[in-house]
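Input: a single structure, listed below in structure tokens.
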Amino acid sequence: MPSLRVSEWRKLPLSLTELCIDTTLRCGQSFRWKKTDDEWHMVLHGRLLSLKQDDTYLHYKATWPSKTSPGSEKPSVPVKEESPPPLDSLADDTEDLIRHYFSLKHDAGALYEQWSQNDANFRRKAPRFTGIRILSQDAWEALIGFICSSNNNISRISQMVHKLCLHYGPSVARIGGGSADDGELLHDFPDAAALAGAGVEAHLRQLGFGYRARYIAETARIVAQDKPPEWLETLTNPESPGWGAAERYGTKLDRVSYREAHDELLTLSGVGPKVADCVCLMGLGWGEAVPVDTHVWQIAQRDYKLGGKVKSKTFSKAMYDTVGDHFRGIWGSQAGWAQSVLFTANLKSFSDRSAVKPEVEGIKIEVEEKLVLEEAKPKTKRKRAVLTETVKLEEVSVKIEDNDTKRRRTRSSTRK
DNA sequence: CAAATGCCTTAGGG
DNA sequence: ACCCTAAGGCATT
């Protein structure tokens with residue numbers, strides 16, 4: 001019988017305000033966590049990590065794979081050869097991993113407070129969404145995960161990432177089930193070489209990846225074959241090194257800036273500004289990266305009156321930068337984190353929380369609701385309704401906006 | 001540089 | 001049942 005090396009449950013004192021895994025693990029950062037009952041599971045750095053949380057503690061447990069394959073029916077992919085430490089030091093290692101993964105070096109309470117002081121909208125939205133943190137994920141996994149995310153929704157992205165692990169990643173351990181052969185066998189995320197082989201694109205298309213299949217295959221090939229070894233890791237923020245980076249690189253990493261890292265990522269296939277910023281923020285430790293997707297763009301227009309003069313629905317690279325710069329100006333060096341809080345508050349899957357009537361209603365909210373009511377009559381043509389809404393919002397926001405917009409335009413044009 | 005269009009698939013609303 | 005469209009964009013023209 002294969003001996004799985006299982007550590008006992010350990011616990012870390014942590015309030016739900018500092019970290020809420022139930023929100024953080026579901027808000028579109030990582031697509032790989034599985035929830036069973038009250039426990040969360042994911043394979044991370046060669047081990048199965050299990051988490052559960054109460055008011056005062058984060059409980060965690062690590063399960064290491066045995067040397068032989070943990071899967072009895074499918075020895076498809078060999079177990080990753082990440083050397084398990086001796087059992088007595090196992091706990092320390094995993095606690096360190098958790099502290100790093102959840103970026104616990106930052107004080108969430110203090111940062112929420114700072115953002116609330118500088119931003120009335122954040123102050124209004126954030127109280128229902130405390131405990132959200134930016135995950136310090138593996139850069140490669142983040143890259144592929146967010147390539148999958150284009151034109152896509154969270155549940156389908158999760159399915160796709162799961163398929164990548166199942167077909168190309170090393171199996172590690174099982175969750176659920178009573179005996180060793182029961183339950184679901186979880187796999188780690190495949191490395192670039194595993195996705196760079198011939199026939200990967202066709203296979204991924206068959207698995208339902210659509211046009212993203214080519215992006216993944218090409219990017220894997222570029223990273224595994226064209227770029228120098230550890231190229232992706234060298235784009236990491238020196239202030240926030242990856243887990244275990246100290247042992248591997250010491251301090252001899254080239255100094256890169258956020259902009260340089262962002263530009264480098266754009267050389268990959270299927271990676272535009274938004275995906276690049278997702279990787280910068282969640283995989284490379286650049287806290288100032290603000291990924292602007294359709295949701296954040298909606299938030300920027302609705303709550304911050306940005307882009308009022310834009311006539312069309314498409315939005316340019318210049319506008320992308322403007323939105324990011326605006327939020328960096330308000331929120332500072334961890335702007336991407338603050339963005340993630342508002343993004344989550346805007347997600348439909350969390351709408352039960354945001355639907356509750358806020359205690360204080362400002363003038364701004366009343367105005368918006370009035371507009372929505374005026375909007376509600378014509379159902380004949382959708383496009384027309386959307387257009388009307390945009391125009392009306394413009395009318396309201398013109399005065400507030402004009403100065404701001406002019407200033408931003410000037411700045412962004414002088415930068416080039 | 002702004003704007004328009006094709007790209008794959010699926011879940012969910014009408 | 002069946003259409004239609006939105007869904008956390010990117011590449012190309």
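What you see is a predicted model, and the numbers here were worked out from it, not measured in a lab. Each chain gets a letter, A, B and so on, in the order the sequences are listed, and its residues count up from 1. Side-chain atoms are counted along with the backbone in the values below, which use heavy atoms only and exclude waters and symmetry mates.
Side-chain rings of A:Tyr168 and A:Phe189 stay apart, their centers remaining 6.0 Å or farther from each other.
Geometrically, A:Lys274 does not engage A:Trp297 in a cation-pi contact, judged by NZ or CZ lying under 6.0 Å from the ring centre and within 45° of the ring axis.
Nucleic acid contact for A:Ile147: none, since no nucleic acid atom lies under 4.0 Å from a heavy atom of the residue. Note on A:Val296: nothing from the nucleic acid sits closer than 4.0 angstrom, heavy atoms only. Within 4.0 Å of A:Cys148, counting heavy atoms only, lies no atom of the nucleic acid at all.
Candidate nucleotides B:dT10, C:dG9, C:dC10 were compared by shortest atom distance to the side chain of A:Arg156, and B:dT10 ranks first. Residue A:Val275 has its side chain nearest to C:dG9 when only B:dA2, C:dG9, B:dC8 are considered.
Within 3.5 Å, a donor on the side chain of A:Tyr211 pairs with an acceptor on the base of C:dG9, or the reverse. If you check distances only, the side chain of A:Arg212 never reaches the base of B:dT9 with a donor-acceptor pair under 3.5 Å.
Here C:dA11 presents its C1' atom at 16 Å from CD1 of A:Ile216, a figure rounded to the nearest Å. Computed from coordinates, the A:Leu265 CG to C:dA11 C1' distance equals 17 Å when rounded to whole Å. Rounding to whole angstrom units, CD1 of residue A:Ile157 and P of C:dA6 are separated by 18 Å. Between the CD1 atom of A:Ile144 and the P atom of C:dG9 there is a distance of 17 Å, given to the nearest Å. In this structure, CZ of A:Arg214 is placed 9 Å from C1' of B:dC7, rounded to the nearest angstrom. Remark: P of C:dG9 and CD of A:Gln298 are 10 Å apart, rounded to the nearest angstrom. As rounded to whole Å, 15 Å separates atom C1' of B:dT10 from atom CG of A:Leu207. For the pair A:Asn152 CG and C:dA7 P, the interatomic distance rounds to 12 Å; values are reported in whole Å.
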Inset, instruction - Let me see the working for A:Glu288 and A:Trp331 under side-chain hydrogen bond (donor to acceptor under 3.5 Å, both in side chains), right down to the final yes or no. - result: CA-CA 9 Å; A:Glu288 66 265 54; A:Trp331 297 325; over 6 Å; no
Legend entry - A:Arg47/A:Asp93 under salt bridge (Lys or Arg N to Asp or Glu O under 4.0 Å): CA gap, chis, key distance, verdict: CA-CA 11 Å; A:Arg47 78 204 73 177; A:Asp93 177 51; 2.7 Å; yes
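Taking a pair to require two hydrogen-bonding distances under 3.5 Å in either a Watson-Crick or a G-U wobble arrangement, B:dC8 remains unpaired.
For the pair A:Leu266 and A:Lys274, both in contact range of DNA chain C, the more 5′-proximal nearest nucleotide belongs to A:Lys274. Nucleotides of DNA chain C nearest to A:Gly270 and A:Asn153 differ in position, and the one nearer the 5' end is that of A:Asn153.
Comparing B:dC8 with C:dC3, their P atoms are spaced 22 Å from each other, to the whole Å. Distance noted for atom P between C:dA6 and B:dT5: 15 Å (whole Å).
Proximity of A:Thr294 to the phosphate of C:dA7: no side-chain N or O atom is located under 4.0 Å from OP1 or OP2.
Residues A:Asp22 and A:Gln53 are not in side-chain contact: their nearest non-hydrogen atoms beyond the backbone lie 4.5 Å or more apart.
No more than 12 heavy atoms of other residues, nucleotides or ligands lie within 6.0 Å of CD in A:Gln206, so this atom counts as exposed by the packing criterion.
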